[in-house]
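See structure below.
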Amino acid sequence: MSNSDVAKCPKNLIPEYAFIGRSNVGKSSLINMLTSRKSLAKTSGRPGKTQLINHFLINKNWYLVDLPGYGYARVSKSAKKTFQKFITQYFSLREQLVSAFVLVDIRHNPQPIDLEFMQWLGENGIPFSIIFTKADKLRPKAIENHVEAYKTIMLETWEEMPNYFITSSSKDIGKDDVLKYIDDLNSNMTID
Ligand code: GTP
Ligand code: MG
């Protein structure tokens, strides 16, 4: 189901997990890896133009939610951060959301927009994990260094490093870890 309006998203209480990140971070590729489909998530010819919230029902059990990138959002220099309005609406209104996954390209230094977005999630009490993408582009030592650099920056504002995953969609790395994490959260929610 694709929606341009948060109010029209599924009304049922199936747990959902939202995937978000800057354009070109590898979000569509990651979604296709997680679902073992070649083109479930389509890439837009005009990045930043897609303003849709896409709900994919997985195993009749949980929703994978594909959100537009925030790379094109203007982040004001003032304290008030202005991510695309409906991204903030989505995160503020969806009670079904269990956790967000913020995708960051492992090759880049921590980017202000990603850090500010995670800050915003934190301020709004929305749980999230970080998914480092494109790990195949770096050697193991460089991966380690980049993650350490990320931790250092995060620990300037966070008490602890959020949960994170190292993935590569082209080399099928990290798929089982992410899926197991989601499965564990889902099974912890059932009342027994
Ligand atoms: P938009 O939809 O345009 O915002 O981009 P996206 O975040 O969905 O990224 P997409 O999955 O379309 O990937 C962007 C580019 O990165 C493509 O050329 C992909 O082939 C490449 N890419 C994605 N994931 C990986 C990866 O794990 N490894 C490598 N080497 N390249 C990747
Ligand atoms: Mg995409």
Side-chain angles (χ1 to χ4, degrees), residues 1-4 6 9 16-58 63-75 81-91 94 97 99-118 120-121 128-147 149-150 162-182:
M1 181 190 256
S2 293
N3 286 293
S4 56
V6 182
C9 287
E16 63 190 46
Y17 297 83
F19 290 76
I20 190 160
R22 292 190 305 146
S23 191
N24 207 45
V25 68
K27 191 160 56 75
S28 298
S29 307
L30 182 92
I31 289 170
N32 293 333
M33 172 177 80
L34 293 177
T35 54
S36 302
R37 301 274 286 272
K38 283 199 181 70
S39 55
L40 185 64
K42 292 173 187 66
T43 42
S44 160
R46 299 169 72 188
K49 286 286 176 194
T50 308
Q51 290 284 294
L52 292 177
I53 303 165
N54 301 296
H55 278 75
F56 298 102
L57 182 59
I58 311 293
Y63 281 118
L64 186 161
V65 183
D66 180 17
L67 294 171
Y70 50 68
Y72 289 77
R74 285 197 315 274
V75 177
K81 296 164 188 74
T82 52
F83 297 100
Q84 283 109 311
K85 197 172 162 202
F86 87 49
I87 292 181
T88 54
Q89 275 176 348
Y90 168 84
F91 283 106
R94 290 302 282 176
L97 181 73
S99 184
F101 291 97
V102 179
L103 276 62
V104 297
D105 189 322
I106 193 145
R107 295 171 296 173
H108 303 324
N109 293 325
Q111 305 285 304
I113 192 163
D114 295 321
L115 299 172
E116 289 188 35
F117 187 69
M118 290 187 248
W120 184 87
L121 289 175
F128 68 91
S129 296
I130 297 172
I131 292 187
F132 292 106
T133 63
K134 310 192 186 184
D136 58 285
K137 296 270 196 182
L138 295 180
R139 292 172 183 278
K141 188 68 195 164
I143 290 177
E144 211 178 287
N145 291 343
H146 278 244
V147 171
Y150 222 94
N163 189 32
Y164 66 88
F165 300 91
I166 291 165
T167 70
S168 161
S169 303
S170 49
K171 292 269 157 63
D172 232 26
I173 296 168
K175 174 180 175 176
D176 293 345
D177 293 339
V178 175
L179 291 177
K180 182 177 187 311
Y181 179 76
I182 292 171

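This is a predicted model, so every value here is computed, not measured. First listed ligand is number 1; within each ligand, the first listed atom is number 1. Computation of the quantities below employed the complete heavy-atom set of this structure, encompassing side-chain atoms and omitting hydrogens, waters and symmetry-equivalent molecules.
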- Query: Where do Phe128 and Phe117 land on the side chain to side chain contact (heavy atoms under 4.5 Å, CB included) test, with the steps shown first?
  - Reply: CA-CA 11 Å; Phe128 68 91; Phe117 187 69; over 6 Å; no
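For Tyr150 and Phe132, the ring centers are positioned less than 6.0 Å apart. Between Tyr17 and Tyr181, the ring centre distance reaches or exceeds 6.0 Å.
When distances to the Mg ion (ligand 2) are checked against a cut-off of 2.8 Å, Ser23 contributes no N, O or S atom below that limit.
At least one heavy atom of Val25 sits less than 4.0 Å from an atom of ligand 1.
Proximity annotation for atom 24 (N) of ligand 1: of Ser28, Gly69, Ser29, Ser29 comes nearest, heavy atoms only. Nearest residue to atom 9 (O) of ligand 1 from Pro68, Gly26, Gly174 is Gly26 (criterion: closest heavy atom).
Judged by distance alone, the side chain of Lys27 and the main-chain N or O of Leu67 form a donor-acceptor pair under 3.5 Å. Side-chain atoms of Thr133 come within 3.5 Å of backbone N or O of Val25 as a donor-acceptor pair.
Annotation: Arg37, atom CZ; neighbour count of heavy atoms from other residues, nucleotides and ligands within 6.0 Å does not exceed 12.
In the model, Ser36 has a side-chain atom that pairs as donor or acceptor with a side-chain atom of Lys175 under 3.5 Å.
Residue Asn24 has at least one N or O atom closer than 3.5 Å to an N or O atom of ligand 1.
Heavy-atom proximity to Ser170, at under 4.0 Å, picks out these atoms of ligand 1: 26 (C), 27 (O), 28 (N), 29 (C), 30 (N). Atoms of ligand 1 found under 4.0 Å from any heavy atom of Ser23, numbered from 1 in the order shown, are 1 (P), 3 (O), 4 (O). Atoms of ligand 1 lying under 4.0 Å from any heavy atom of Lys27, numbered from 1 in the order shown and given with element: 6 (P), 7 (O), 8 (O), 9 (O), 11 (O). Listed by number with element, the atoms of ligand 1 under 4.0 angstrom from any heavy atom of Ser168 are 27 (O).
Neither the backbone nor the side chain of Lys171 comes within contact range of ligand 1; no heavy atom lies under 4.0 Å.
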